[in-house]
Amino acid sequence: HDFRPDYLHLAQAHADLGEPPVLAMTATAPPRVRHDIERQLLGAPAAGRPLMRVLVGETFRPNLHLTALRVRDDEEQQAALIALLRQLAAPGIVYVRRRKRCDELAGARRAYGVRAEAYHAGLEGRAAIQDRFMRNELAVIVATVAFGMGVDKPDIRFIVHCGLPNSVEGYYQEIGRAGRDGQPS
């Protein structure tokens with residue numbers, strides 16, 4: 001709800017609509033978050049109300065290959081990123097933790113001839129940048145976590161993290177944006 005405050009109104013909307021069947025889906029929520037989703041959707045447990053049926057699927061995807069590169073400093077990270085982008089098939093996402101770093105890395109990628117743009121919450125025209133990425137007019141998006149929620153582009157070939165996400169769930173959610181078409185990513 002910190003990310004989507006409107007979710008806090010779902011229980012009332014559900015009641016106002018006569019309590020129709022509800023399907024809630026999430027790709028990465030741990031048990032604590034799933035319980036919170038149930039509480040937010042249905043309210044507190046009540047007598048006579050059926051419990052939510054939770055189906056949990058396998059999260060392992062054999063087409064995803066994970067690797068880590070050890071770097072000593074920003075300069076070595078830049079060199080490693082340039083080398084990676086030269087060998088990885090596009091399109092892809094490079095995640096960073098700060099807006100300023102998005103702008104720096106996207107600019108550096110363009111200087112090396114990569115069709116790249118920054119994407120973060122402080123940017124005007126974000127929707128146009130996302131649309132260009134979806135149409136394969138951009139090879140790389142350098143983004144904060146502001147990019148990705150609701151993006152369903154099946155052919156994303158790589159995700160690179162230049163700095164770790166805040167949680168394991170966040171990491172898995174972000175890498176899960178790659179290879180949705182089942183192809184190696």
Side-chain angles (χ1 to χ4, degrees), residues 1-61 64 66 91-103 105-106 117-135 138 140-156 158-181 185:
H1 65 266
D2 291 341
F3 186 72
R4 304 238 194 258
D6 289 339
Y7 286 4
L8 298 174
H9 304 288
L10 288 174
Q12 185 60 51
H14 183 247
D16 291 348
L17 293 170
E19 299 187 349
V22 172
L23 173 66
M25 296 175 18
T26 175
T28 58
R32 176 182 56 82
V33 174
R34 289 195 305 259
H35 293 300
D36 190 48
I37 290 169
E38 181 176 1
R39 186 179 55 77
Q40 294 295 339
L41 284 175
L42 300 178
R49 188 189 80 215
L51 295 175
M52 184 177 288
R53 189 171 74 176
V54 178
L55 305 173
V56 179
E58 177 61 53
T59 57
F60 175 74
R61 296 198 7 233
L64 297 184
L66 306 180
I93 304 170
V94 176
Y95 279 110
V96 298
R97 296 186 55 110
R98 295 174 318 197
R99 295 175 184 183
K100 182 179 177 186
R101 190 76 169 138
C102 281
D103 296 330
L105 286 179
E117 288 290 341
Y119 185 102
H120 54 73
L123 223 90
E124 289 187 32
R126 286 191 321 256
I129 292 168
Q130 179 174 323
D131 289 344
R132 289 177 54 214
F133 182 71
M134 297 299 283
R135 291 190 307 261
L138 295 173
V140 176
I141 288 283
V142 181
T144 62
V145 295
F147 185 78
M149 298 298 263
V151 172
D152 188 14
K153 182 171 177 51
D155 64 342
I156 293 175
F158 67 87
I159 304 293
V160 174
H161 286 94
C162 291
L164 292 175
N166 291 330
S167 67
V168 172
E169 291 85 7
Y171 178 76
Y172 195 79
Q173 185 176 61
E174 290 167 12
I175 65 170
R177 294 183 179 125
R180 290 183 178 173
D181 57 4
S185 300

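- Checking Met134, Arg126, Arg132 one by one against Gln130, the side chain to side chain contact (heavy atoms under 4.5 Å, CB included) holds for a single residue, Met134.
- Under a cut-off of 6.0 angstrom, the local environment of CZ in Arg135 is crowded, with over 12 non-hydrogen atoms contributed by other residues, nucleotides or ligands.
- In this structure a side-chain-to-backbone donor-acceptor pair under 3.5 Å is present from Arg61 to Gly179.
- Arg180 is linked by a side chain to side chain donor-acceptor pair (under 3.5 Å) to Asp152, counting only residues two or more places apart in sequence or in another chain.
- Taking the centre of each ring, Phe133 and Phe147 come in below the 6.0 Å mark.
- To the nearest 0.5 angstrom, Leu123 atom CG is 6.5 Å from Asp103 atom CG.
- Inter-residue side-chain proximity for Ile93 and Ile156 is flagged as met; some heavy-atom pair is nearer than 4.5 Å.
- Closest of all the heavy-atom pairs between Pro165 and Glu174 is CG-OE1, 3.4 Å.
- Of all heavy-atom pairs spanning Cys162 and Leu105, the tightest one is SG-CD1, 4.3 Å.
- Between Asp155 and Lys153 there is a salt bridge, since at least one side-chain N of the basic residue sits less than 4.0 Å from a carboxylate O of the acidic one.
- Aromatic ring orientation, Tyr171 versus His161: tilted (interplanar angle from 30° to 60°).
- Side-chain atoms of Arg99 never come within 3.5 Å of backbone atoms of Thr144 as a donor-acceptor pair (strictly under, hydrogens ignored).
- The two residues Ala118 and Ala106 have their closest heavy-atom pair at N-CB, 3.4 Å.
- In this structure, His120 and Cys102 approach most closely via the heavy-atom pair CD2-CB, 3.8 Å.
- Side-chain atoms of Arg177 never come within 3.5 Å of backbone atoms of Ile159 as a donor-acceptor pair (strictly under, hydrogens ignored).
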Inset, instruction - Kindly indicate, with the supporting measurements, whether the criterion side-chain contact (heavy atoms from CB on, under 4.5 Å) is fulfilled by Arg97 and Val145. - result: CA-CA 8 Å; Arg97 296 186 55 110; Val145 295; over 6 Å; no

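- Separating the CD1 atom in Ile129 from the CG atom in Leu138 is a distance of 7.5 Å, to the nearest 0.5 Å.
- For CG of Leu164, the number of neighbouring non-hydrogen atoms (other residues, nucleotides, ligands) closer than 6.0 Å is 12 at most.
- The closest side-chain heavy-atom distance from Val142 to Glu117 is not below 4.5 Å.
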